[in-house]
Amino acid sequence: MLITRRRLLATSAAVAVLPKSAIGQTTQTLADPTQTTQTLTAKEGVQQITPEGYPETSIWGYDGSAPGPVIRVKQGARVAREFVNSLSQGSSVHWHGIRIVNDMDGVVGLTQDAVAPGQAKLYDFVVPDAGTYWYHPHNRAWEQMARGLYGALIVDEATPPDVDRDDIFLIDDWRLTQTAAIDESFGRAMDWSHGGRIGNWVTINGKPPADHAVKLNQRLRLRLVNVANSRIFELGVEGLEGVVVALDGQPLDEPVAIDQMVIAPAQRMDLIVDVTAPVGGQGALFMRGGAQNVQLARFVVEGTARPARMSTPPALPANPVPTLGALASARRVDMLLEGGAMGQMRAAIVDGEQRDSRSLASIGQYWALNGVAGMPETPLLVAERGETIMIRIINDTAFAHAMHLHGFHFRAIGPDGAQGPLRDTALVEREETVEIAFVADNPGDWLFHCHMLEHTAAGMLTWIKVT
Ligand code: C2O
Ligand code: CU
């Protein structure tokens, strides 16, 4: 059901005067489609992201909080949200990782114009895949996401796995001042040309490290989402044992033991774990790196859920992602990543004009894909619908990059032809080459970029066209 602009403004005005309790609801399910579409409003808010005793932080959030509301639907359902922009700058909503129609993808400069302050846009699409997805702006994301604009989009399996709890952990990395305000050092050349905006305060769901009461042998599904601008999280768990069941929303063919938990910006990891720490003890999710591990969440064991652990969980049901065609006859293209500090890049093309590195730096462009910095006029490739595509990502820089393709999940293809799990974001380490393959079954213009948001802004983006 479409609603007119006049009705929409009336609706959003009404939302603004609702009591806080109504706005602050954290779970929304798709209402009766005959009812007025729900809104999702980007606006300023204030919240305690640091421990008690520190001041509250002024943030930007969907419906005024970081994270915004959890949007949760059944596989195959429709998601409809009237996005209202109450910020002072243009914005949009991108539905990260979910395979939807191109004109709902939310990419300013490719699939839509920015939604201006005070304006609104209806996003309305059907979700084909179950799993852990998320949403965020795709305009000045390096600032808007650093200020707190993001939320979870959870699509439930027709028959969800048998777990006692299902927890969503959106892990963010904030750069705060001494008084817990958001550090306004946006666009700093040092960040844009190096590893991006790395913060000094990590939160889960916009809160400081918290305790969660659990029980011995209780089974938890943990949905870990890296919503940070640029930090790669290396995580670990203790007192919890189990398996990884999905990556970037897509189920693994076989669950695998939890080993290296490296989660690059935008990536997700779904775990199914059992509490094995003893009653009275505790488990933890922690972050590695630095002199010592940093605890992000504590699982305090109070009582027993069952006398013994449940049996190993089966794989989640596969989503209807098309299988790759013959790789030998796939259309192939190379994507060369260049630039950044300590890189060799001498020049790149911007808006059709060749510039040397000094001139590039003067306009905040430090990175290039196939010799072009910023959005190229022509796509990296034009694919016919249904074709199998292989892209060789060659990282000739001194930094790791989290390469994200919109609209598709791909598999990394090993030198021996082995196919990796379905993903939407590939961590490509410095000087590493990763080859990916996917079926271009969804028509439209799809962005392909580094999800380290300062790198996107500083040149690392391109697009593909599927006809
Ligand atoms: Cu999370 Cu271009 O997106
Ligand atoms: Cu990058």
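In what follows, every heavy atom counts, from backbone to side chain, and hydrogens, waters and symmetry copies are set aside.
The stretch residues 417-436 participates, sequence neighbours left out, in these salt bridge (charged side-chain N to carboxylate O under 4.0 Å, His left out) pairs: D248-R423, R268-D424, R332-E435. Residue pairs that meet the side-chain hydrogen bond (donor to acceptor under 3.5 Å, both in side chains) test with at least one member in residues 458-467, sequence neighbours left out, are D445-K465. Pairs engaging residues 253-266 under the side-chain hydrogen bond (donor to acceptor under 3.5 Å, both in side chains) rule: none recorded [sequence neighbours left out]. Listed by first and then second residue, the side-chain hydrogen bond (donor to acceptor under 3.5 Å, both in side chains) pairs involving residues 140-158 are R72-D156, Q89-R140, Q89-E143, Q89-Q144, S91-Q144, R140-E143, E143-R147, R147-E184, Y150-D172, E157-R221 (not counting sequence neighbours).
Side-chain atoms of T388 come within 3.5 Å of backbone atoms of G325 as a donor-acceptor pair (strictly under, hydrogens ignored). Between the S193 side chain and the A189 main chain, a donor and an acceptor come within less than 3.5 Å of each other. E454 places a side-chain N or O within 3.5 Å of a backbone atom of R197 that can act as its donor or acceptor partner. Not a single donor-acceptor pair under 3.5 Å links the side chain of D274 to the backbone N or O of T276. Looking only at distances, no side-chain donor or acceptor of N293 sits under 3.5 Å from a matching main-chain atom of F286. Listed for the N319 side chain is no donor-acceptor partner under 3.5 Å among the backbone atoms of V321. No donor-acceptor pair closer than 3.5 Å links the side chain of R288 to the backbone N or O of M261. In this structure, S357 contributes its side chain and A347 its backbone to no donor-acceptor pair below 3.5 Å.
When H409, Q75, Q250 are each tested for a side-chain hydrogen bond (donor to acceptor under 3.5 Å, both in side chains) with D129, only one passes: Q250. Only one option out of I171, L170, D167, V70 pairs with N205 in a side-chain contact (heavy atoms from CB on, under 4.5 Å); it is L170.
R219 places none of its side-chain heavy atoms less than 4.5 Å from the side chain of D162. For the pair N229/R175, no side-chain contact is recorded, criterion being any heavy-atom separation below 4.5 Å from C-beta on. Side-chain contact between N85 and K121 is absent, with no heavy atoms from C-beta onward closer than 4.5 Å. A 4.5 Å side-chain heavy-atom check between K74 and P160 finds at least one atom pair inside the cut-off. By the 4.5 Å heavy-atom criterion applied to side chains, L222 and L240 are counted as neighbours. Side chains of I154 and T132 form a contact here, defined as non-hydrogen atoms less than 4.5 Å apart. The closest side-chain heavy-atom distance from F299 to V237 is not below 4.5 Å. The side-chain heavy atoms of P251 and V245, taken from C-beta on, include no pair separated by under 4.5 Å.
Closest approach of I71 and R81 over heavy atoms only: CG2-NH2, 3.7 Å. Scanning both residues, W446 and V101, for their nearest heavy atoms gives CH2-C, 4.1 Å. Listed here is the closest heavy atom pair of A402 and P265: CB-O, 3.9 Å. Of all non-hydrogen atoms in R392 and T433, the two that sit nearest each other are CG-CG2, 3.5 Å. Nearest heavy atoms, G407 versus N442: O-ND2, 4.2 Å. Scanning both residues, P161 and L316, for their nearest heavy atoms gives CG-CD2, 3.6 Å.
Taking a cutoff of 4.0 Å between a charged side-chain nitrogen and a carboxylate oxygen, R223 and D270 qualify as a salt bridge.
More than 12 heavy-atom neighbours from other residues, nucleotides or ligands sit within 6.0 angstrom of CG on D356. Annotation for D103: atom CG counts as buried by contact number, over 12 foreign heavy atoms lying within 6.0 Å.
Inspection of the T111 and D105 side chains reveals no N or O donor paired with an N or O acceptor under 3.5 Å. Defined by atom type and a distance below 3.5 Å, a donor-acceptor pair is present between the side-chain atoms of T397 and N395.
A266 is linked by a side chain to side chain contact (heavy atoms under 4.5 Å, CB included) to H96, W134, T425, H451, counting only residues two or more places apart in sequence or in another chain.
Atoms CG and CD, from L360 and Q354 in turn, are 8.5 Å apart once rounded to the nearest 0.5 Å. To the nearest 0.5 Å, atom CG of residue D63 and atom OG1 of residue T39 are 6.0 Å apart. From L453, atom CG reaches atom CG of D191 across 11.5 Å, with rounding to the nearest 0.5 Å. One finds the NE2 atom of H455 at 9.5 Å from the NE2 atom of H194 (value rounded to the nearest 0.5 Å). Atoms OG and OH, from S92 and Y123 in turn, are 4.5 Å apart once rounded to the nearest 0.5 Å. Of the inter-residue distances, the one linking L381 atom CG with I464 atom CD1 reads 5.0 Å to the nearest 0.5 angstrom.
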One pair to check against side-chain contact (heavy atoms from CB on, under 4.5 Å): I100 and V79. What are the steps and the verdict? CA-CA 10 Å; I100 59 174; V79 173; over 6 Å; no
Assess whether side-chain contact (heavy atoms from CB on, under 4.5 Å) is satisfied between D124 and T37, documenting all intermediate values. CA-CA 10 Å; D124 186 353; T37 306; over 6 Å; no
Stepwise side-chain contact (heavy atoms from CB on, under 4.5 Å) test for F408 and V439: CA-CA 8 Å; F408 307 92; V439 179; over 6 Å; no
Just do the side-chain contact (heavy atoms from CB on, under 4.5 Å) check on L327 and Q419 with the steps written out, would you? CA-CA 11 Å; L327 296 181; Q419 299 187 4; 4.2 Å; yes
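Between H404 and H94, the two ring planes are tilted [angle within 30° to 60°].
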Just list the side-chain donor-acceptor pairs under 3.5 Å for residues 366-377, sequence neighbours left out, or say none.
unit_1	atom_1	unit_2	atom_2	d
W367	NE1	W192	O	2.7
N370	OD1	L336	N	2.7
N370	ND2	D334	O	2.9

